[in-house]
Asks: 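The structure's right below; bear with me while I get my questions together.
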Amino acid sequence: MEDTPQKSPAPEQVILRMTSIGKSFLGVRVLRGIDLSATAGEVHAVVGENGAGKSTLMKILAGVHQPDEGTVEIGGETRSFAHPVEAQRAGVAIIYQEFNLLPERTVADNVFLGREPTRRGLLDRAAMDAATSRLLDELDEHSFGPRDMVKDLSVAQQQVVEIVKALSVDARIVVMDEPTAALAEHEVELLYRLIRRLQGRGIAVLYISHRLREVFDLADRVTVLKDGAHVATVRTSDVTTAALVKMMVGRELDAYFPPRADEAVIGEPLLTLRDAGNGKLDGIDLDLRAGEIVGIAGLQGSGRSSLAKAIFGAEPFTRGEITPTRPANVREGVAAGIGLVTEDRKAEGLVLNQSVRDNALLVTRAIGRGGRSHRSTAAVAALLEKVRLRPPRQETEVKYLSGGNQQKVVLAKWLTLAPKVLLFDEPTRGVDVGAKAAIHDLMRELADTGTAILMISSELPELIGMSDRIVVLRDGRVAGHLPAGATEEAVMALAAGAAGAAA
Amino acid sequence: ASDLPPTGASAPPDSGTSAAPAETSAPASAGTGEQSEFFVQADYDAQLAMRTQTAEGPADKPWEQAIAPQMVDTAKYKKDGPYHLCFSNAAVNNPWRQVGWTTMQEEVALHKEIKEFTALDAEGKDDKQISDIAELQAKGCDALIISPNTTATLTPAVSGACPAVPVIVFDRGVETDCPVTFIKPIGGYAFGADGAEFLIEKVPAGGKVLALRILPGVDVLENRWAAAKVAFDKSQLEVVGVEFTDGDAAKTKSIVSDYIARHGKIDGVWMDAGATAVAAIEAFEDAGAPVPAFVGEDQQDFLQKWKDGNLTAVAPTYPTYQWRTPIIAALKILKGEEVPKQWNLPQPKITQESLGTYLQPDMPLLHYALCGCESMPGFPGKWGGK
Amino acid sequence: MIALVANPTRAVYAALIATLAIGWALVAFDGGAFTLNDIVGIQQRSAALGIVAVGQTLAILAGSLDLSVAYLISLVSLVAAETMAGQSSNILTAVVVALGVSALVGLVNGVVITKLKVHAFIATLGVALVIRGVLDHLYDGPAGRVPVDFQQLGYARIGPIPVAAILWAAVAVAVWFLLRRTRLGNRIYAVGGDVEVARLSGVRTDRVVIAAHVLCSLCAGVAGLLLASRLGAGAPTVGTDGGYDLESIAAVVLGGTALAGGRGGVAGTVGGVLLLAVLDSIFNQLEVNSFFKDVVRGVVIVVAVAVYARRTGRRAS
Amino acid sequence: MKRAIPIFLVLAGLLVAIAVANPYFLEPAGFLGFLKRVAPLAILAAGQYFVIVSGEFDLSVGSLVTVEVVVAARLIDGDEAMTWPVLALLIVIGLLVGLVNGLVTTKLRVPSFITTLGAMLILSGAVFLWTGGAPRGALSQGFRVFGREGVWAVLILLVAVTAAVLLMRADFGRTLIAAGDNERAARLSGVRVDRVRVFAFMLSGLSAAVAGILLGGFAGVSAQVGQSLEFQAITAVVLGGVVLGGGRGHVVAAIAGAFTLEALFTLLNLHGISGALEYAVQGVIIIAAVAAGGLRLPALRLSPSKV
Ligand SMILES: Nc1ncnc2c1ncn2[C@@H]1O[C@H](COP(=O)(O)OP(=O)(O)OP(=O)(O)O)[C@@H](O)[C@H]1O
Ligand SMILES: Nc1ncnc2c1ncn2[C@@H]1O[C@H](COP(=O)(O)OP(=O)(O)OP(=O)(O)O)[C@@H](O)[C@H]1O
Ligand SMILES: [Mg+2]
Ligand SMILES: [Mg+2]
């Protein structure tokens with residue numbers, strides 16, 4: 001795909017060269033013939049739809065998986081890693097897509113896990129603490145220290161620990177698999193600065209993200225994977241966003257977001273909160289009306305998830321006026337026709353070892369609603385058709401589905417309820433571009449049929465593109481309301497509490 | 001059940017429910033296998049001889065009788081009452097020990113001169129019994145009664161106690177003669193021989209006999225089988241199987257059912273302990289086969305079945321009345337009266353003729369007839385009878 | 001770490017002191033008295049279980065568990081006693097052989113769990129059955145003879161303190177040190193906390209689990225040696241009669257170590273074992289029926305763990 | 001269900017081997033005898049399955065079986081008229097013990113391994129405390145019919161298997177397995193996780209009551225009747241490919257695991273593996289079976305659909 005003859009980097013500068021990598025899981029080919037190289041000081045992005053094989057490729061590099069075919073060369077030497085520790089020793093550090101920390105251990109313990117320094121054969125905790133402190137300082141992170149327990153940290157702070165852990169390895173190659181998924185905008189800025197510093201030190205950074213803006217901000221080159229195959233490697237300066245998306249999904253995506261609701265469609269409030277609060281929220285006033293999508297914006301930890309869980313009944317409101325129902329627990333919420341698409345699909349949304357069918361019927365069965373007809377194969381097939389699951393196989397275990405398809409199953413689960421109010425917490429986090437559009441369409445369709453929708457998203461373009469109205473939270477309180485089509489700056493101003501922010 | 005060793009009652013992860021036959025792979029004639037290392041010819045001879053000797057002592061109190069006693073002088077232990085007796089019990093984990101323990105407590109109640117009776121239950125644990133014995137020595141006991149959990153392993157503890165206090169051992173022995181007296185019925189060889197001789201007499205030559213044992217490795221049980229084996233090997237009977245039942249009724253019944261199915265007809269059943277005899281009999285009933293000549297024990301359920309089914313049976317015994325004797329012995333010792341060094345109690349067997357006297361329909365099914373407790377004040381309520 | 005473990009650990013020691021006080025009062029009321037002898041009795045009584053439980057702590061912390069310790073103890077007692085055969089000169093060989101057998105069993109447990117990926121419950125239950133088969137096959141009853149010199153281990157005292165108790169204390173301190181101050185200890189916590197995280201962080205998790213099992217079995221081996229010295233012989237039922245498998249797990253959990261692994265420590269286990277031993281001693285003093293003891297033991301274990309669950313639950317919410 | 005195929009192959013192999021060694025096995029009476037012998041363990045395995053698939057353990061069933069038999073003997077005490085009231089009481093006891101196990105596990109958040117270990121101690125202690133150390137009384141003939149007459153045992157087994165299969169197909173079963181798979185997700189979907197788990201423990205208690213009735217009927221009163229049954233039941237379930245930890249496995253496979261275990265005992269017995277080594281063989285086979293299940297060839301697994 002590279003049209004312009006490339007100034008090939010001097011041989012000694014090529015730190016990583018992966019050639020013809022192939023990998024199968026349980027007889028299914030996940031990667032075939034992948035080539036990837038990185039030079040010193042380069043940021044090389046890897047993009048592709050969910051399930052394209054990005055993480056698998058990185059895990060091969062990190063020694064988590066062993067390739068079925070192909071070779072990995074580091075610094076010109078062919079290496080094969082039987083265990084992550086061997087990759088570590090070869091200078092590969094990785095921030096995994098999923099959190100990879102022990103909540104019951106301290107920050108320092110986590111950072112040095114597997115590489116604990118010793119003195120005269122005994123653990124040298126002082127050295128661990130000192131080194132961790134130094135790294136935290138380097139990152140300008142002063143909100144916690146090496147002896148804090150990881151479980152007491154916020155999600156963003158935990159991500160910082162992951163980064164420190166990767167930096168503490170004396171690495172030549174640093175892999176970051178969606179490091180920003182859990183970060184707010186200003187934290188992303190910090191990460192950018194950090195990556196620049198790594199670059200300066202001649203470290204090769206492999207960067208995976210679904211947020212194309214970051215790819216263009218950071219990367220020198222980008223490699224596109226699709227269905228486990230190598231599509232192209234191009235210089236970011238030589239390609240446009242649209243072209244990149246086309247390479248990823250294999251077609252052009254015309255409109256990013258479905259049209260907004262017609263004023264006429266928006267109906268009565270289905271849920272009204274007045275001065276509602278609990279341990280994490282206070283003074284919340286909010287109306288959710290039939291046919292409307294309300295976007296909730298806010299920084300990490302501003303209470304967005306708490307709001308959704310409170311409305312749903314999982315962490316109920318303890319005060320305020322909530323009409324028509326104030327669910328005291330999940331079952332009351334569900335009975336009142338409220339559904340919650342949780343932030344963490346795997347941990348909170350799905351029973352991964354069960355079939356698509358069992359997951360889709362979970363809510364129906366839990367509340368014992370609907371007779372036999374709701375549980376029939378035909379009814380479930382219709383449901384899967386509605387959420388556009390591809391292929392709509394009912395007996396597949398959900399753990400074998402891609403992220404986007406998994407999210408569709410979660411949606412199907414709630415649709416059986418014919419919900420009056422549906423709450424979406426980061427519905428497209430880690431979902432690829434194609435599936436994202438499908439989920440957006442579905443949300444709008446639901447609204448059009450009279451469901452009140454609340455949507456939380458950390459991706460401002462998505463939030464702004466989808467919402468009929470935006471409510472910004474700050475420190476568990478409503479910081480302001482914005483109309484459809486507000487600018488990112490307006491949202492950020494409210495969220496961050498900048499002076500003079502208009503309400 | 002009399003000597004069901006501790007394994008039988010504690011709960012190791014035991015996964016077997018059906019039998020592990022010793023010799024079943026040779027279907028023609030399983031035989032009786034080799035004589036075990038536990039067989040001691042001299043002891044065998046002595047016990048078989050004792051069966052015919054008359055015991056000394058009051059005729060109506062077999063628990064005070066002794067066969068061929070070698071008296072020892074106890075003057076050095078003489079002291080004035082009241083007395084503090086101590087007892088280290090192996091366990092109370094099966095009906096035999098339960099009946100015995102009740103009987104012992106009632107015996108204590110009979111003697112006003114016992115002001116205190118301290119008993120510790122080792123729950124079938126050797127290590128705990130060793131600690132218990134140490135603990136009891138420090139309690140200022142005037143005499144220490146021990147019912148050892150196992151023979152060899154309690155020897156050091158018993159040896160340790162002997163210099164401090166007069167020690168009385170009963171039921172299972174220890175490998176030291178330091179206790180003042182060791183009380184036991186005649187013993188396992190006599191028990192085993194009683195049953196085997198009965199079968200040899202009742203079963204026609206060439207008849208098939210099934211031997212059911214609880215488990216290997218327990219000396220008393222090994223002795224029973226060893227004596228039976230000697231008898232069977234000399235006889236015309238064919239021992240078609242020697243099986244271990246773990247003392248488990250369900251397993252026993254399964255094993256016997258299998259043998260009935262495989263051999264069509266079994267002519268006699270020998271058992272080293274009778275607790276599962278009824279289950280074995282039921283296997284014949286359920287298979288619609290006649291109940292053959294049977295060796296059981298003095299438990300009421302077996303005696304009842306015997307009478308109701310008009311069986312050809314015999315019940316050798318390991319009398320629970322031996323639990324009375326240690327208290328009596330302790331008091332004798334403390335009063336300076338001489339006691340037998342080895343106190344051999346008579347060990348009667350229940351036959352067709354004596355069945356009537358021992359069958360007590362008002363007693364619990366698992367009650368042992370030879371408790372010698374009928375005239376005690378608490379009878380029958382304390383033993384669960386009506 | 002300390003703050004976290006401190007809760008259940010402190011709780012178990014508080015319970016221990018309360019039990020001692022109540023027990024002392026009950027016994028006094030009953031007309032008896034707690035004497036030095038009883039204290040020594042408690043130490044003696046707890047030594048074997050204590051050593052096994054310390055080892056079991058390692059297995060449980062690593063996210064595993066070991067149901068084979070009881071049969072292993074029996075096996076070790078026999079191997080040791082037979083090797084000694086009453087000769088003092090054989091003691092060293094016997095100890096080495098016994099510990100070698102233990103380590104081997106631990107290795108098998110660990111390898112079956114990690115390499116064959118069999119759940120620890122089934123793996124160690126299976127190994128227990130195998131040992132049981134070997135025991136039943138080779139031994140009919142107590143065997144071997146322990147020379148008087150070696151019996152000192154089980155009976156001798158230094159001042160008022162039994163050598164057995166010192167042995168237990170030494171094992172506990174060694175394992176405590178291992179957990180707090182060595183890489184292996186650190187990694188045992190990590191693997192028990194989350195194997196996958198530990199593996200991805202570069203810990204060779206299989207080795208850690210295997211090491212934990214080898215150490216656990218070695219502790220069981222030491223307990224087997226101690227019991228052999230107490231009994232003067234090896235006995236094929238000494239481990240199972242003592243119920244060392246389930247009771248050691250109960251003691252560990254009573255000491256506040258999470259059954260799921262990754263949380264807890266040796267200090268709690270020591271408290272748990274002492275608590276069980278003190279209960280036992282009180283029951284002995286009061287001559288309580290053994291069935292009643294079982295009921296009380298069952299209740300104590302469940303209630304203790306329920307209390308810990310409440311505490312950690314409150315922290316989390 | 002595909003996960004369960006190996007266990008059925010193993011079972012079929014064992015049954016063939018038994019039939020070869022002992023042709024009597026193929027006669028109706030012989031096979032009926034086998035079924036009768038399997039019934040209690042199979043029922044216990046079904047009960048244990050519910051608990052295991054929901055992510056828990058029940059170690060108390062062995063003691064509970066003993067309790068059921070001992071209680072029945074003492075209360076009936078040979079009186080035919082007491083048969084039915086006592087049978088009803090036994091069922092209630094089973095359910096009640098399950099209820100308590102379930103409530104302590106879910107409401108007090110005690111790991112079920114510990115809850116039921118405690119229950120095991122408490123039950124066996126309490127029942128012998130009550131009877132003074134050994135069983136008392138006697139069972140009536142009416143009571144014993146269920147365990148003694150093969151037809152009854154097989155009938156009860158059939159009912160139990162059918163009920164278990166229907167339960168697992170019903171909403172209860174699907175939500176139970178969901179709770180075992182991912183408790184949080186199940187809760188957030190409105191599943192009453194605690195309630196289904198308590199119900200699972202009650203089913204396990206019920207199965208122990210029924211197994212107790214069958215075992216007591218089969219061989220009469222005995223203090224050891226329930227000894228180590230908990231380990232056998234768990235082993236059977238695991239042999240059936242059900243995963244400890246919950247969320248995976250089929251109840252029919254768990255029951256097949258019980259059949260396999262019993263068939264294994266029968267076969268070892270037939271081939272005269274010496275009593276001692278029997279345990280060793282068992283241990284190796286159990287480990288091997290579970291290991292083979294874990295390392296099964298990919299082809300036998302559900303093929304993942306790549307989307
Ligand atoms: N351990 C595994 N076992 C079986 N299949 C796996 C495993 N890991 C990944 N897969 C499958 O391999 C494919 C590639 O997954 P991978 O996680 O590499 O995709 P990705 O590009 O990182 O997707 P995402 O953007 O969602 O992170 C998917 O179909 C996934 O289901
Ligand atoms: N791990 C944590 N430990 C302690 N407090 C936390 C933690 N996570 C969040 N909080 C606090 O809880 C409150 C609300 O958090 P919540 O998760 O609802 O925020 P959020 O805006 O939804 O963040 P996210 O984008 O992560 O979902 C905030 O005050 C935050 O500081
Ligand atoms: Mg990925
Ligand atoms: Mg959130």
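Keep in mind that this is a model prediction, so the values were computed, not measured. Computed over heavy atoms, backbone and side chain alike; hydrogens, waters and symmetry mates excluded.
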Asks: List the steps and the verdict of salt bridge (charged side-chain N to carboxylate O under 4.0 Å, His left out) for Lys54(A) and Asp177(A).
Replies: CA-CA 8 Å; Lys54(A) 306 178 293 292; Asp177(A) 196 349; over 6 Å; no
Asks: Below 4.5 Å, heavy-atom pairs only: which of Gly193(C), Ala198(C), Ala190(C) has the largest tally toward chain A?
Replies: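 Answer, by heavy-atom pair count under 4.5 Å with chain A: Ala190(C).
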Asks: Is it the backbone or the side chain of Lys59(A) that comes under 4.5 Å from a heavy atom of chain C, or both, or neither?
Replies: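 Contact with chain C: none, neither part.
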Asks: In terms of heavy-atom pairs under 4.5 Å with chain A, which of Val208(C), Val203(C), Asn186(C), Leu200(C) leads?
Replies: Leu200(C)
Asks: Are there more than 12 heavy atoms of other residues, nucleotides or ligands under 6.0 Å from atom CZ of Arg319(A)?
Replies: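 Counting neighbours around CZ of Arg319(A), more than 12 heavy atoms of other residues, nucleotides or ligands fall under 6.0 Å, so yes.
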Asks: How would you list, in number order, the residues of residues 88-96 of chain A that have a heavy atom less than 4.5 Å from chain C?
Replies: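 Gln88(A), Arg89(A), Tyr96(A) fall under the 4.5 Å cut-off.
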Asks: Rounded to the nearest 0.5 Å, what's the gap from CG on Leu184(C) to CD1 on Ile188(C)? Could you check?
Replies: 4.0 Å
Asks: Using the rule given for salt bridge (charged side-chain N to carboxylate O under 4.0 Å, His left out), can you reason through Glu86(A) versus Arg204(C), listing the C-alpha separation, both sets of side-chain angles and the distance that settles it, and then say yes or no?
Replies: CA-CA 10 Å; Glu86(A) 294 171 11; Arg204(C) 294 194 189 269; 3.3 Å; yes
Asks: With a 4.0 Å cut-off on N to O distance, would you call Arg187(C) and Glu116(A) a salt bridge?
Replies: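 Glu116(A) and Arg187(C): salt-bridged.
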Asks: Mind checking salt bridge (charged side-chain N to carboxylate O under 4.0 Å, His left out) for Arg181(C) and listing every partner two or more places apart, or none if nothing turns up?
Replies: none
Asks: Of all heavy-atom pairs between Thr257(C) and Gly265(C), which one has the smallest distance, and what is that distance?
Replies: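 That closest heavy-atom pairing would be OG1-N, 3.1 Å.
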Asks: Can you say whether Arg147(A) sits under 4.5 Å from chain C via the side chain, the backbone, both, or neither, judging by heavy atoms?
Replies: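 Interface part for Arg147(A): neither.
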Asks: Does a donor on one side chain and an acceptor on the other come within less than 3.5 Å for Ser68(C) and Asn109(C)?
Replies: yes
